[in-house]
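Here's the structure, in structure tokens; my notes come after.
The residues of the chain are indexed from 1 along the displayed sequence.
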Amino acid sequence: MNEIKPWGMDKNTFLMLMHLSQLTGFFLPVAGFILPIVMWATNKDQSDEIDRHGRVILNWMISLIIYALICSILVFVVIGILGFFVLLLVEVIFVVIAAVRASEGHLWRYPLSINFFPVDNA
């Protein structure tokens, strides 16, 4: 059987890096949103597993944007500042958990993620 090598690497390594790529936004603004989408879009047709992970990541990123917008509104009543810190902490923890699970060959759905793009249970 001819196993695919997305971007020339092992599929589980690619999936792990696809999850971790969200953290690049801490160093390069917007990269944490663009890079996972590019990784997913360029390889989603090669593997159902890559497509599922990409959908899970995209659902999480859109959900995170919605939660950040809610926090920005709540800043006017001070609780939004705490909300931003919680979002930052949750983002890092969830991404690391998802990356570890992906490296083990498992799909981990981000808790609190709104299901905009359905992910099948194959």
Side-chain angles (χ1 to χ4, degrees):
M1 182 173 179
N2 190 10
E3 183 163 330
I4 65 158
K5 293 254 184 211
W7 291 10
M9 61 183 88
D10 174 68
K11 187 169 29 170
N12 286 350
T13 302
F14 179 81
L15 293 171
M16 176 187 69
L17 291 175
M18 194 163 67
H19 285 279
L20 289 175
S21 68
Q22 296 174 77
L23 301 179
T24 59
F26 292 122
F27 308 105
L28 296 168
V30 186
F33 188 74
I34 302 284
L35 187 56
I37 291 173
V38 169
M39 292 176 78
W40 170 60
T42 58
N43 292 282
K44 68 180 180 171
D45 297 330
Q46 295 179 19
S47 163
D48 288 338
E49 193 174 8
I50 292 173
D51 187 38
R52 284 192 300 274
H53 280 265
R55 288 170 180 263
V56 165
I57 292 168
L58 198 55
N59 284 336
W60 171 243
M61 290 190 308
I62 294 170
S63 299
L64 198 61
I65 289 169
I66 291 170
Y67 299 142
L69 289 172
I70 292 169
C71 286
S72 65
I73 293 168
L74 293 175
V75 163
F76 296 110
V77 290
V78 182
I79 191 129
I81 297 168
L82 177 63
F84 277 121
F85 286 117
V86 169
L87 280 180
L88 177 69
L89 184 64
V90 164
E91 165 73 352
V92 172
I93 291 170
F94 284 2
V95 166
V96 169
I97 292 170
V100 169
R101 298 292 292 156
S103 74
E104 297 169 343
H106 303 288
L107 176 66
W108 188 74
R109 295 172 193 257
Y110 293 75
L112 308 174
S113 182
I114 303 166
N115 198 25
F116 296 102
F117 301 95
V119 181
D120 61 348
N121 290 329

side-chain hydrogen bond (donor to acceptor under 3.5 Å, both in side chains) contacts touching [range] (sequence neighbours left out):
range          : answer
residues 22-37 : Gln22-Tyr110
residues 9-18  : Lys11-Glu49
residues 80-97 : Trp60-Glu91

From CA spacing to verdict: side chain to side chain contact (heavy atoms under 4.5 Å, CB included), Ile57, Trp40: CA-CA 9 Å; Ile57 292 168; Trp40 170 60; over 6 Å; no
Can you tell me how far apart [atom1] ([X]) and [atom2] ([Y]) are? Round to the nearest 0.5 Å.
X      : Y      : atom1 : atom2 : value
Leu15  : Glu104 : CG    : CD    : 12.5 Å
Ser113 : Met61  : OG    : CE    : 10.0 Å
Ile65  : Ser72  : CD1   : OG    : 12.0 Å
Leu35  : Leu28  : CG    : CG    : 9.5 Å

Can you name the residues that form a side chain to side chain contact (heavy atoms under 4.5 Å, CB included) with [X], not counting sequence neighbours?
X      : result
Val30  : Ile34
Leu89  : Ile93
Ile73  : none
Ile114 : Ser63, Ile66, Tyr67, Phe116

What residues, two or more places apart in sequence or in another chain, satisfy ring-ring contact (aromatic ring centres under 6.0 Å, His included) together with Phe33?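 Not a single residue meets the ring-ring contact (aromatic ring centres under 6.0 Å, His included) criterion with Phe33.
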Partners of His53 by ring-ring contact (aromatic ring centres under 6.0 Å, His included), sequence neighbours excluded?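 Here the qualifying residues are His19.
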For Phe117, is there any backbone N or O sitting under 3.5 Å from a side-chain donor or acceptor partner on Asn59?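 Between the backbone of Phe117 and the side chain of Asn59 there is a qualifying donor-acceptor contact (under 3.5 Å).
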Exam field: side chain Arg55 to backbone Pro118, donor-acceptor pair closer than 3.5 Å: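 At least one qualifying donor-acceptor pair exists.
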Members sharing Phe84's hydrophobic cluster (side chains within less than 4.5 Å):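 Hydrophobic cluster check, Phe84: joined to Val75, Ile81, Phe85.
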Does the side chain to side chain contact (heavy atoms under 4.5 Å, CB included) test come out yes or no for Leu17 and Met9, once each step is laid out? CA-CA 10 Å; Leu17 291 175; Met9 61 183 88; 3.6 Å; yes
What's the verdict on side chain to side chain contact (heavy atoms under 4.5 Å, CB included) for Val119 and Leu107, showing C-alpha distance, side-chain angles and the deciding distance? CA-CA 10 Å; Val119 181; Leu107 176 66; 3.9 Å; yes
Should Val90 and Leu87 be marked as a side chain to side chain contact (heavy atoms under 4.5 Å, CB included) after you check the CA-CA gap, both sets of side-chain angles, and the distance that decides it? CA-CA 5 Å; Val90 164; Leu87 280 180; 5.5 Å; no
Linking I/L/V/M/F/W/Y whenever their side-chain heavy atoms sit closer than 4.5 Å, directly or via other members, would Leu69 and Val77 fall into one cluster?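 Hydrophobic grouping puts Leu69 with Val77.
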Please collect all salt bridge (charged side-chain N to carboxylate O under 4.0 Å, His left out) contacts where either partner lies in residues 61-73, sequence neighbours excluded, each pair once.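 Listed by first then second residue: nothing to list.
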Does atom CD1 (Ile79) have a neighbourhood of more than 12 heavy atoms from anything else shown, all under 6.0 Å?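 Check fails, neighbour count at 12 or below.
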Checking Lys44 now: which residues fulfil salt bridge (Lys or Arg N to Asp or Glu O under 4.0 Å) with it, not counting sequence neighbours?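 With sequence neighbours excluded, Lys44 shows a salt bridge (Lys or Arg N to Asp or Glu O under 4.0 Å) to no residue whatsoever.
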Nearest heavy atoms of Met18 and Ile50, plus distance in Å: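 Closest pair (atom of Met18, atom of Ile50, distance): CE-O, 3.7 Å.
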What closest approach, in Å, do Trp108 and Val56 show between heavy atoms, and which atom pair accounts for it?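 Between these two residues, the closest heavy atoms are O-CG1, 3.6 Å.
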